[in-house]
Visitor: 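Let me begin by handing over the structure; questions about it come next.
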Amino acid sequence: MRTSLYLLATTRETPADAVVVSHQLMLKAGLIRKLAAGMYTWLPMGLRVLHKVTNIVREEMNNAGALEVSMPVVQPAELWQESGRWDIMGDELQRFKDRHQRDFCLGPTHEEVITDLVLNEYNSYKQLPVNIYQIQTKFRDERRPRFGVMRAREFIMKDAYSFHIDKTSLQQTYDQMYATYQRIFTRLGFHFRAVLADSGNIGGSCSHEFHVLADSGEDLIVFSDNGDYAANMEMASALAPADLDVSAATRSMQKVATPDSKSIEDVAAFLQVQPSALIKTLIVLAETDTASVQPSLIALVLRGDHQLNEIKAGKLEGVRSPLTFATDTDIQATLGCLPGSIGPVHLNIPILVDRDAAVLSDFVCGANSDGFHLRGVNWKRDCNYLRVEDMRNVVEGDLSPDGKGVLSIKRGIEVGHIFQLGNKYSKAMNAKVLDENGRNTVMEMGCYGIGVSRIVAAAIEQCHDEKGIIWPDNIAPFHVAIIPLNAHKAPQVLEVCEQLYKELAAVGIEVLLDDRDRKTSPGVKFADMELIGIPHRLVVSDRGLESGAIEYKHRTKPDSEMIAQGEVVKYLRDLIKC
RNA sequence: CGGAGUGUAGCUCAGACUGGUAGAGCACUGCCUUCGGGAGGCAGGGGUCAUGGGUUCAAAUCCCUUCACUCCGACCA
């Protein structure tokens with residue numbers, strides 16, 4: 001391609017509304033333009049990258065035996081009503097009516113459609129397992145789209161769905177997809193981790209997320225420094241504390257006035273103790289089957305310096321899911337005091353205690369009386385609780401639950417997620433096949449997503465410098481940029497460029513020839529090619545040609561080198577691995 | 001959905017407090033010079049100052065409405 005015939009939409013200024021570096025660079029390099037909040041046009045340069053990513057994903061999925069289809073973006077409400085998600089999903093499901101007043105939605109995902117397809121087309125266990133995928137535009141009306149294509153409302157996703165006669169078969173495909181994802185993200189040149197994940201709304205049991213490690217990532221991922229354990233923050237657990245003698249009370253309980261001290265920090269400072277010597281008591285709604293006037297409450301107790309993990313807490317028996325904090329009014333009505341002074345001593349609601357809070361002795365807690373706390377409190381002697389549970393977020397330095405090493409926490413961008421759905425959708429939608437005994441059997445399902453458009457942003461987050469993007473060869477929009485210098489003085493410069501252009505194209509190397517006229521200064525050409533992130537650069541100049549040489553420079557290397565004109569094609573062909 | 005903020009040229013922004021002919025830089029067009037790291041000169045084109053209403057002799061500017069967008073938080077397969 002020649003720049004004179006291309007849409008080279010680079011800008012000098014950084015658009016004001018871009019916060020993260022990938023968003024800024026995608027706009028500056030002319031890869032995308034915003035149409036509306038969370039909706040982007042892919043310009044020619046960006047689309048080339050997107051297609052490279054898409055092709056890698058497609059190749060690996062095909063190699064794994066998956067079958068590609070394309071399902072509609074618009075889906076009828078009936079399917080979503082069958083699965084029950086029409087009512088469960090919030091406003092991120094974009095609903096609308098057609099001219100006949102029939103309900104439709106924009107597909108945020110395609111479990112319903114694929115299940116409907118498979119239940120019609122597949123009838124026998126002999127046809128299973130099957131893994132069907134598409135690379136398709138999705139729409140989710142995110143409450144807060146941000147970071148460009150990283151969290152867009154309209155985005156491109158590879159979504160695959162597998163169907164099985166039993167759980168063993170599902171596990172096999174799940175393992176195969178796990179390995180396929182490892183290959184895909186390795187080919188994309190990512191520094192990534194697979195972590196145990198919560199399956200959330202989509203349902204199912206076993207689930208892994210694949211994260212690209214990047215400081216701008218929205219998710220926290222946790223992994224052991226000396227073992228295989230890796231999980232996202234929602235799922236991560238630390239090793240349970242060893243059983244300590246919780247009866248080792250050395251102090252008597254004492255009520256102290258703590259005026260105006262409501263937070264853990266305030267109370268710790270006021271009483272001159274560490275936050276870890278305090279406990280905090282959070283009041284949430286209990287699981288109830290009757291809509292009583294006053295909701296029943298449950299207390300969750302944590303060590304003062306620990307944070308509640310709302311996902312883990314929401315899964316605890318007796319706790320309403322999703323986790324819902326009680327209002328101050330409810331707390332006042334039931335407990336007679338406000339948050340800031342609540343504690344487990346003589347508390348008249350069920351109490352669940354985090355494992356690390358349960359091994360404290362002589363601790364400080366609220367006195368259930370506004371403005372007062374208790375010191376020297378001990379579990380066995382002074383309080384009753386229902387159960388000990390794991391309900392806190394892990395922190396850096398916690399022991400790994402597998403007993404190997406310590407936990408570290410890093411930020412990640414979720415680029416892939418695989419789930420074992422089980423029969424959630426197949427059962428709801430009556431997706432059955434005949435088994436070998438001729439009996440109708442509900443199929444087991446797995447689903448496997450990759451955020452294709454997000455991958456482009458993640459790659460930039462992971463590889464850029466102050467000049468711009470640095471693409472790996474695999475997904476670069478062009479492999480090589482050719483920049484002619486002094487072409488107006490020496491006609492042979494352009495001739496050599498044209499010849500190189502043809503020769504490189506002939507061996508499958510993608511070239512962008514910057515043939516903009518002399519009004520575009522060399523500095524502008526260098527800067528543009530660096531901003532766009534083309535990994536290899538050739539400079540053809542009258543000076544170099546005098547000695548029969550062409551200058552080569554890699555985007556990541558500080559210095560260039562001179563290469564004999566006749567060697568250039570071979571040199572690049574050996575260098576570029578695609 | 002709560003809190004905060006911003007809408008003026010394609011982009012980045014000034015002008016607003018204190019009402020009085022619409023501005024700069026970049027980008028774009030033409031000519032000249034320059035030519036290995038975002039060149040210089042001259043001359044141009046381009047804005048219904050987000051929208052609707054109000055106050056005023058006069059509104060980009062003051063007041064109100066609506067909309068859009070951004071940030072923080074909550075939320076999120």
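Chain A is the first sequence line, chain B the second, and so forth, proteins listed ahead of strands; every chain is numbered from 1.
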Visitor: Give a yes or no on whether the backbone of A/E414 and the side-chain of A/R454 come within a donor-acceptor separation of less than 3.5 Å.
Guide: yes

Visitor: Tell me if the aromatic rings of A/F192 and A/Y181 count as close, with their centers under 6.0 Å from one another.
Guide: no

Visitor: Does the side chain of A/D219 come under 3.5 Å of the side chain of A/N232 through a donor N or O and an acceptor N or O?
Guide: no

Visitor: NA contact type, A/M157, heavy-atom cut-off 4.0 Å: base, sugar-phosphate, or nothing?
Guide: base

Visitor: Hey, which of these two, A/K525 or A/H488, hits RNA chain B nearer its 5' end, going by closest nucleotide?
Guide: A/H488

Visitor: Do other residues, nucleotides or ligands put more than 12 heavy atoms under 6.0 Å from the CG atom of A/D91?
Guide: no

Visitor: Could you let me know what B/rA4 is paired to, Watson-Crick or G-U wobble, both distances under 3.5 Å, or none if it's on its own?
Guide: B/rU70

Visitor: Among the candidates B/rC76, B/rG36, B/rU70, find the nucleotide nearest to the side-chain atoms of A/R151.
Guide: B/rC76

Visitor: Using the 3.5 Å cut-off, write out each protein N or O paired with an N or O of nucleotides 9-12 of chain B and the distance between them.
Guide:
residue	atom	partner	partner atom	Å
B/rU12	OP1	A/A16	N	2.9

Visitor: Using side chain to side chain contact (heavy atoms under 4.5 Å, CB included), reason through A/N309 and A/R392 one step at a time and then give a plain yes or no.
Guide: CA-CA 5 Å; A/N309 181 312; A/R392 72 172 173 92; 5.6 Å; no

Visitor: Would you check, one step at a time, whether the test salt bridge (Lys or Arg N to Asp or Glu O under 4.0 Å) holds for A/D215 with A/R411?
Guide: CA-CA 5 Å; A/D215 290 338; A/R411 292 202 156 265; over 6 Å; no

Visitor: Let's see if you can work this out: which of B/rC69, B/rC75, B/rG38 has an atom nearest to the side-chain heavy atoms of A/S521?
Guide: B/rG38

Visitor: Please give the distance between the C1' atoms of B/rG47 and B/rU8 as a whole number of Å.
Guide: 8 Å

Visitor: Should the pair A/Y174 and A/Y448 be assigned to parallel (<30°), tilted (30 to 60°) or perpendicular (>60°) ring geometry?
Guide: tilted

Visitor: Please give, in whole Å, the distance from B/rG36 P to A/M529 CE?
Guide: 18 Å

Visitor: Under the rule for ring-ring contact (aromatic ring centres under 6.0 Å, His included), what residues qualify as partners of A/Y178, not counting sequence neighbours?
Guide: A/H208, A/F210

Visitor: Say you pick atom C1' in B/rG46 and the same atom in B/rC26; how far apart are they, in whole Å?
Guide: 14 Å

Visitor: In whole angstrom, give me the gap between the P atoms of B/rC62 and B/rA50.
Guide: 12 Å

Visitor: Indicate, with a heavy-atom threshold strictly under 4.0 Å, whether A/R537 touches base, sugar-phosphate, or nothing.
Guide: base

Visitor: Show every ring pair (Phe, Tyr, Trp, His ring centres under 6.0 Å) that has at least one partner inside residues 531-561 of chain A, sequence neighbours left out.
Guide: A/H536-A/Y552, A/H536-A/H554, A/Y552-A/Y571

Visitor: Would you indicate which nucleotide in B/rC69, B/rG36, B/rC75 comes nearest to any side-chain atom of A/A36?
Guide: B/rC69

Visitor: What interatomic distance, in whole Å, is found between P of B/rG41 and the corresponding atom of B/rU34?
Guide: 15 Å

Visitor: Please report, rounded to the nearest Å, how far the P atom of B/rC26 is from the NZ atom of A/K28.
Guide: 16 Å

Visitor: So, does the side chain of A/E530 form a donor-acceptor pair with the base of B/rG38 at under 3.5 Å?
Guide: no

Visitor: Considering only the P atoms, how many Å lie between B/rG5 and B/rA9, rounded to the nearest integer?
Guide: 23 Å

Visitor: Where the side chain of A/A527 is concerned, which of B/rA74, B/rU70, B/rG37 is the nearest nucleotide?
Guide: B/rG37

Visitor: Measuring from the side chain of A/D528 (C-beta onward, heavy atoms only), which nucleotide among B/rG37, B/rG38, B/rG36 has the closest atom?
Guide: B/rG38

Visitor: Expressed as a whole number of angstroms, how long is the span from A/E142:CD to B/rC1:P?
Guide: 15 Å

Visitor: Give me the one residue out of A/K97, A/R95, A/Q81 that meets side-chain hydrogen bond (donor to acceptor under 3.5 Å, both in side chains) with A/D103.
Guide: A/K97

Visitor: Are there any protein N/O atoms within less than 3.5 Å of an N/O atom in nucleotides 29-34 of chain B, and if so, which ones and at what distance?
Guide:
none

Visitor: What interatomic distance, in whole Å, is found between P of B/rU48 and the corresponding atom of B/rA4?
Guide: 33 Å

Visitor: Which of the following nucleotides, B/rG36, B/rA27, B/rG73, is nearest to the side chain of A/R12?
Guide: B/rA27

Visitor: Between A/D354 (side chain) and A/M391 (backbone), is there a donor-acceptor pair under 3.5 Å?
Guide: yes

Visitor: Choosing from B/rA39, B/rC69, B/rG36, which nucleotide comes nearest the side chain of A/V539?
Guide: B/rG36

Visitor: Donor-acceptor pair, distance only, cut-off 3.5 Å: does the side chain of A/R555 make one with the backbone of A/R537?
Guide: no

Visitor: Between B/rC1 and B/rU61, how many Å separate the two P atoms, rounded to a whole number?
Guide: 29 Å

Visitor: So, does A/K34 get its side chain near the phosphate of B/rU70, meaning an N or O under 4.0 Å from OP1 or OP2?
Guide: yes

Visitor: Spell out, as yes or no, whether a donor-acceptor pair under 3.5 Å connects the side chain of A/K467 to the backbone of A/M529.
Guide: no

Visitor: Return the nearest nucleotide to the side chain of A/R146; candidates are B/rG36, B/rC69, B/rA74.
Guide: B/rA74

Visitor: Expressed as a whole number of Å, how far does the P atom of B/rU21 sit from that of B/rA59?
Guide: 12 Å

Visitor: Expected output is a numbered-order residue list: members of residues 551-565 of chain A with a heavy atom under 4.0 Å from any atom of RNA chain B. What is it?
Guide: A/E551

Visitor: By ring-ring contact (aromatic ring centres under 6.0 Å, His included), which residues pair with A/Y40, not counting sequence neighbours?
Guide: A/H23

